[in-house]
There are 2 protein chains.
Amino acid sequence: MLGAMKEPRWLDSSQQRHWRAFVEGSVRLHDLMDRDLKAKHGLSESEYEILVRLSEAPEMRLRMAELAESASQSRSRLSHTCSRLESKGLVRRATCPGDKRGVYAHLTDEGYSALQRAAVDHVEVARDFFIDVIDPADLEAIGRAFTAVTRRIGEVR
Amino acid sequence: MLGAMKEPRWLDSSQQRHWRAFVEGSVRLHDLMDRDLKAKHGLSESEYEILVRLSEAPEMRLRMAELAESASQSRSRLSHTCSRLESKGLVRRATCPGDKRGVYAHLTDEGYSALQRAAVDHVEVARDFFIDVIDPADLEAIGRAFTAVTRRIGEVR
DNA sequence: TCAAGGTAGTTGAATGTTCAACATGTGAAC
DNA sequence: GTTCACATGTTGAACATTCAACTACCTTGA
């Protein structure tokens with residue numbers, strides 16, 4: 001009897017339309033940006049994200065766990081990705097003075113300049129295919145909406 | 001001299017905020033839904049997408065190329081994924097009468113009922129973490145915006 | 001009718017990602 | 001100060017995706 005309480009509450013047709021539009025658009029946009037980044041700079045989106053986060057951190061370094069969290073990646077994935085970035089010379093690992101378990105990922109100078117180059121193109125694409133085709137008021141709505149989504153997801157862990 | 005024309009046109013700070021909010025929110029949402037689907041139904045998002053498209057097609061079948069296009073996947077990826085779905089018994093392949101190169105992917109009865117079950121939960125999650133936390137007017141804005149994004153991407157292939 | 005070029009789909013190897021197990025270190029309780 | 005639970009980060013194997021051939025078939029046109 002209890003199980004039966006969970007009746008499917010379907011979306012109404014306009015909700016469904018909007019939801020679908022979002023899913024399709026965001027998948028295609030992500031694909032496009034990913035391809036572009038890889039073709040022009042040999043970086044995957046997750047590698048790029050890591051460089052961005054490091055570049056914004058104080059002293060351009062972060063603990064692995066913080067970096068994983070801020071780049072929305074699992075620790076394992078970060079560890080592998082970081083090894084790749086390290087072998088490309090864009091990132092360097094160093095042990096953490098206070099906590100011997102800890103590891104800092106540092107952005108190297110080479111990493112910084114690779115990021116600079118990539119960011120210019122990345123923003124260009126974001127502009128061409130996202131910012132510039134969206135009405136400014138709708139862009140604000142997007143900001144509000146996704147902030148709420150992130151907050152909601154944070155509530156449950 | 002020509003190369004120098006491409007000056008970085010950075011985003012202004014509110015554009016940047018909205019863009020970031022979107023990237024973060026959509027990554028987290030995608031992650032959440034992916035995990036949920038896999039945990040409860042053993043399906044990846046791309047497998048789910050394939051089942052959805054098939055279920056909506058006339059006679060619940062599509063040519064591989066059409067399916068790839070509508071699920072935004074490469075043909076190679078579809079081919080592999082389809083093999084997995086076939087071995088789970090959710091999809092069945094059949095040669096195409098008119099065109100001997102062609103292959104139809106059919107949704108099986110088992111596939112249809114697996115999809116039904118998954119869809120109920122999927123919608124529930126979409127509602128909990130997306131639809132229900134977004135102001136209806138903002139949701140409309142999202143629909144408009146991402147429709148425009150998809151159109152723009154379509155212009156360049 | 002047959003050669004040339006295009007399309008459909010699959011394959012296998014290289015590459016990335018996930019998952020569970022592990023090694024190491026910390027910190028709090030006793 | 002030893003023990004126990006927990007946290008950090010890495011590893012390797014299983015799994016998924018991408019990329020570049022490749023097979024088979026269709027279409028066009030001379």
Side-chain angles (χ1 to χ4, degrees), chain A residues 27-28 30-39 41-51 53-54 61-88 90-106 157, chain B residues 27 30-39 42-51 53-54 61-88 90-106 157:
Chain A
V27 166
R28 296 210 188 256
H30 186 274
D31 263 33
L32 179 77
M33 298 195 76
D34 213 12
R35 270 174 215 299
D36 189 74
L37 209 47
K38 195 156 318 178
H41 303 278
L43 291 172
S44 70
E45 193 119 359
S46 62
E47 291 172 328
Y48 178 78
E49 199 61 25
I50 288 170
L51 300 183
R53 301 305 170 149
L54 286 179
R61 71 193 164 102
L62 281 173
R63 288 285 296 265
M64 295 300 274
E66 297 172 310
L67 183 50
E69 168 63 19
S70 91
S72 313
Q73 298 186 13
S74 72
R75 293 188 184 183
S76 168
R77 180 176 175 186
L78 175 63
S79 195
H80 287 296
T81 307
C82 219
S83 302
R84 252 173 282 135
L85 287 171
E86 210 172 1
S87 73
K88 290 186 197 177
L90 309 183
V91 160
R92 180 171 45 79
R93 273 189 261 220
T95 56
C96 177
D99 182 343
K100 284 184 198 158
R101 295 168 305 181
V103 172
Y104 272 111
H106 290 256
R157 171 107 321 272
Chain B
V27 165
H30 186 273
D31 264 32
L32 178 77
M33 299 195 76
D34 213 12
R35 272 174 213 297
D36 188 75
L37 209 46
K38 195 156 315 178
L43 290 172
S44 70
E45 193 121 358
S46 62
E47 290 172 329
Y48 178 79
E49 198 61 26
I50 288 170
L51 299 183
R53 301 306 170 147
L54 286 178
R61 69 192 166 103
L62 281 173
R63 289 285 295 266
M64 294 300 274
E66 296 172 309
L67 183 50
E69 167 62 19
S70 89
S72 313
Q73 297 187 13
S74 72
R75 293 188 184 183
S76 169
R77 179 178 175 184
L78 176 62
S79 196
H80 287 294
T81 306
C82 220
S83 302
R84 253 173 282 137
L85 287 172
E86 212 173 0
S87 73
K88 292 187 197 178
L90 309 183
V91 160
R92 180 172 44 78
R93 274 188 259 221
T95 57
C96 176
D99 182 343
K100 284 184 200 159
R101 293 167 307 180
V103 172
Y104 272 111
H106 290 256
R157 169 112 321 273

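Atom CD of A:Glu69 and atom C1' of D:dA7 are 15 Å apart (whole Å). Rounding to whole angstrom units, CD of residue B:Glu45 and P of D:dA16 are separated by 15 Å. Atoms NZ (A:Lys38) and C1' (D:dC19) sit 11 Å apart, rounded to a whole Å.
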Counting primed atoms, P, OP1 and OP2 as sugar-phosphate and everything else as base, the B/S/- map of nucleotides 7-17 of chain C against protein heavy atoms under 4.0 Å is BBSBBB---SS

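For the atom pair A:Arg93 CZ and A:Arg61 CZ, the distance stands at 16.0 Å (nearest 0.5 Å).
Partners of A:Lys88 under the side-chain hydrogen bond (donor to acceptor under 3.5 Å, both in side chains) rule, at least two apart in sequence or in another chain, are A:Glu47.
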Q: Could you give me the CA-CA distance, side-chain angles and deciding distance for A:Glu49 and B:Val27, then say whether side-chain contact (heavy atoms from CB on, under 4.5 Å) is met?
A: CA-CA 12 Å; A:Glu49 199 61 25; B:Val27 165; over 6 Å; no

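Side chains of B:Ser74 and B:Ser76: a donor-acceptor N/O pair is absent below 3.5 angstrom, by distance only.
Proximity of A:Gln73 to A:Ile50: side-chain heavy atoms (C-beta onward) are separated by under 4.5 Å at one or more points.
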